[in-house]
Amino acid sequence: MTSSADRGGEMEVDNNKQEVFQRKKNAVLVNGVILNGPITDSKAGEKFVEEACKIIMEEVVQKAADVTEKVCEWQPPEKLKKLLDLEMRDTGEPHQKLLQLCQDIIRYSVKTNHPRFFNQLYAGIDYYSLVARFITEALNPSVYTYEVSPVFLLVEEAVLKRMIEFIGWKEGDGIFNPGGSVSNMYAMNLARYKYCPEIKEKGLSGLPRLVLFASEECHYSMNKAASFLGIGTQNIYFIATDERGKMIPEELEKQVQRARKEGAAPFLVCATAGTTVLGAFDPLDKVADICEKYGLWLHVDASWGGSALMSRKHRKLLQGIHRADSVAWNPHKMLMAGIQCCALLVKDNSDLLKKCYSAKASYLFQQDKFYDVSYDTGDKSIQCSRRPDAFKFWMTWKALGTAGLEERVNRALALASYLVGEIKKREGFQLLLEPEYANICFWYIPPSLRKTEEGPEFWEKLHQVAPVIKERMMKKGSMMLGYQPHRGKVNFFRQVVISPQVSREDMDFLLDEIDSLGRDL
């Protein structure tokens with residue numbers, strides 16, 4: 001006897017066949033292509049999305065805070081190519097094969113949301129930001145005009161307004177960009193445009209030799225920006241820093257005077273609030289004094305350190321930032337808004353961003369639209385298509401409130417302080433310097449070197465220790481921690497605390513694991 005469910009299934013099949021027959025009967029062909037009805041199977045697509053989301057939930061989200069999981073399952077490139085089916089074929093793959101690929105991609109990817117991923121200046125999982133990313137990926141918006149992206153343009157405006165307030169400006173402008181490097185390039189170009197607006201139309205010919213200033217500890221994006229913009233890397237005058245990595249204001253003034261004596265045209269100072277390796281904050285008030293004295297644009301790269309502004313306890317690290325003309329700030333770092341979430345903020349109410357970057361594309365930015373076209377903000381970006389990155393930060397901010405974001409910063413820096421205390425207690429661990437932010441830089445000295453005099457041979461051998469420990473931890477999958485040589489110092493570890501999933505126990509594990517992996521060296 002046939003059940004009602006079976007009969008229902010048979011009827012659905014019959015209906016589908018009838019629909020296909022009818023479509024073929026009424027087919028409209030153009031160049032041999034049937035144009036009737038959609039060609040995608042929506043039901044199958046929806047099922048695939050549903051099953052893939054289940055995999056994401058089980059394999060990524062639910063395992064995010066589980067320290068028993070591996071941070072990574074290391075495979076060398078050639079072997080990984082064989083483990084993954086990377087070839088794209090003439091015919092499509094079945095959904096089950098695609099779902100298995102999803103599993104494999106997750107398995108062999110680094111779990112940056114793991115509590116023991118300390119490798120970069122981002123880490124952890126923020127569930128609210130993650131949901132925001134799901135929404136924007138599903139909606140697939142582009143943030144250039146109000147007509148195609150009304151919600152996300154208003155969200156970006158609201159977020160920029162609050163970030164501007166935390167810098168200490170009464171008014172300002174801004175835009176979200178694909179990375180702090182791009183924000184720094186925007187700022188460099190904006191400062192040049194302010195200095196000589198004719199460059200937008202006339203180009204570089206006829207300009208004086210423009211010179212900008214940045215500390216020896218600045219981000220490498222300054223070099224890339226100067227090269228990309230045609231300023232030239234030789235026209236960056238790098239300013240000496242003190243033993244903590246902070247720009248020395250007196251050296252900055254000497255270099256400004258030198259450039260002027262050479263007949264060059266100084267136009268920009270790039271200060272850093274939170275350097276990449278040492279976590280140093282330049283003395284912004286003193287740098288601002290020099291910028292005001294010589295009429296220079298002050299840009300602060302606070303991509304890493306800007307989030308300290310959310311903390312009443314730690315915002316003093318950025319004392320004087322309100323005097324900057326522009327600021328780069330990445331909420332995807334300490335505040336975990338999800339890569340990428342990076343803002344350039346400008347102390348300006350004259351539409352300088354738009355004047356500098358506008359191309360007035362008539363097919364996008366018509367001035368006779370039926371709504372207020374001031375909300376069509378895309379023309380102040382160098383991009384056309386642009387992701388709604390502010391929405392991720394907005395969702396997190398709405399969920400946690402300012403108090404929750406402040407707590408996130410305070411806890412990360414408290415954990416950093418705890419780790420520093422433990423390093424000082426333990427034999428075989430040595431700090432490079434006392435940190436002022438979340439960057440903890442230290443050496444691990446194995447037992448074989450602990451009684452060796454600190455001469456050339458000692459440092460040469462110590463230089464080889466961190467790379468071996470890094471290799472061992474990655475092949476084991478226990479954690480990920482960065483290392484580097486820096487300013488004449490041999491390889492050392494740089495531990496960065498960000499994620500609220502990280503605990504005191506993880507700090508203890510970090511030191512125990514390094515000692516375990518390196519004792520025989």
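No experiment lies behind these values; they were computed from the predicted model shown.
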Sub-3.5 Å donor-acceptor pair from the side chain of [X] to the main-chain atoms of [Y], do we have one?
| X | Y | value |
| --- | --- | --- |
| Y186 | I382 | yes |
| K333 | G306 | no |
| R386 | F176 | yes |
| K392 | G338 | yes |
| H332 | C341 | yes |
| K380 | G174 | yes |
| D376 | Y146 | yes |
| K194 | L352 | no |
| E171 | W169 | no |

No-hydrogen, no-angle side-chain donor-acceptor test under 3.5 Å, [X] and [Y]:
| X | Y | answer |
| --- | --- | --- |
| S499 | Q501 | yes |
| Y144 | Q383 | no |
| N349 | K170 | no |

Check: residues 269-277 side-chain donor-acceptor pairs under 3.5 Å, at least two apart:
{"from": "T275", "atom 1": "OG1", "to": "G279", "atom 2": "N", "distance (Å)": "3.1"}
{"from": "T275", "atom 1": "OG1", "to": "A280", "atom 2": "N", "distance (Å)": "2.8"}

### Query
Any salt bridge (Lys or Arg N to Asp or Glu O under 4.0 Å) pairs touching residues 125-135, not counting sequence neighbours?
D126-R408
### Spacing of CG belonging to L413 relative to CZ belonging to R411, to within rounding of 0.5 Å
12.0 Å
### Query
Rounded to the nearest 0.5 Å, how far apart are CG of L344 and CE of M163?
10.0 Å
### Query
Does Y237 have R258 sitting over its ring (NZ/CZ under 6.0 Å from centre, angle to axis within 45°)?
yes
### Task
State yes or no: are the ring centers of Y444 and F429 separated by less than 6.0 Å?
yes
### Task
Would you please indicate yes or no on a ring centroid separation below 6.0 angstrom for Y357 and Y193?
no
### Message
Within the 4.5 Å heavy-atom criterion, are P485 and H463 side-chain neighbours or not?
### Response
yes
### Query
Mind checking whether F493 and I423 have side chains closer than 4.5 Å, heavy atoms only?
no
Indicate the ring-plane relationship of [X] and [Y], choosing parallel, tilted or perpendicular according to the 30° and 60° boundaries.
| X | Y | value |
| --- | --- | --- |
| F281 | Y437 | perpendicular |
| F391 | W394 | parallel |
| W443 | F492 | perpendicular |

### Message
Taking atom NZ as the centre, does K79 end up with more than 12 heavy-atom neighbours from other residues, nucleotides or ligands that are less than 6.0 angstrom away?
### Response
no
### Query
Applying side chain to side chain donor-acceptor pair (under 3.5 Å), which residue pairs with at least one partner in residues 223-235 are found, sequence neighbours left out?
R209-N235
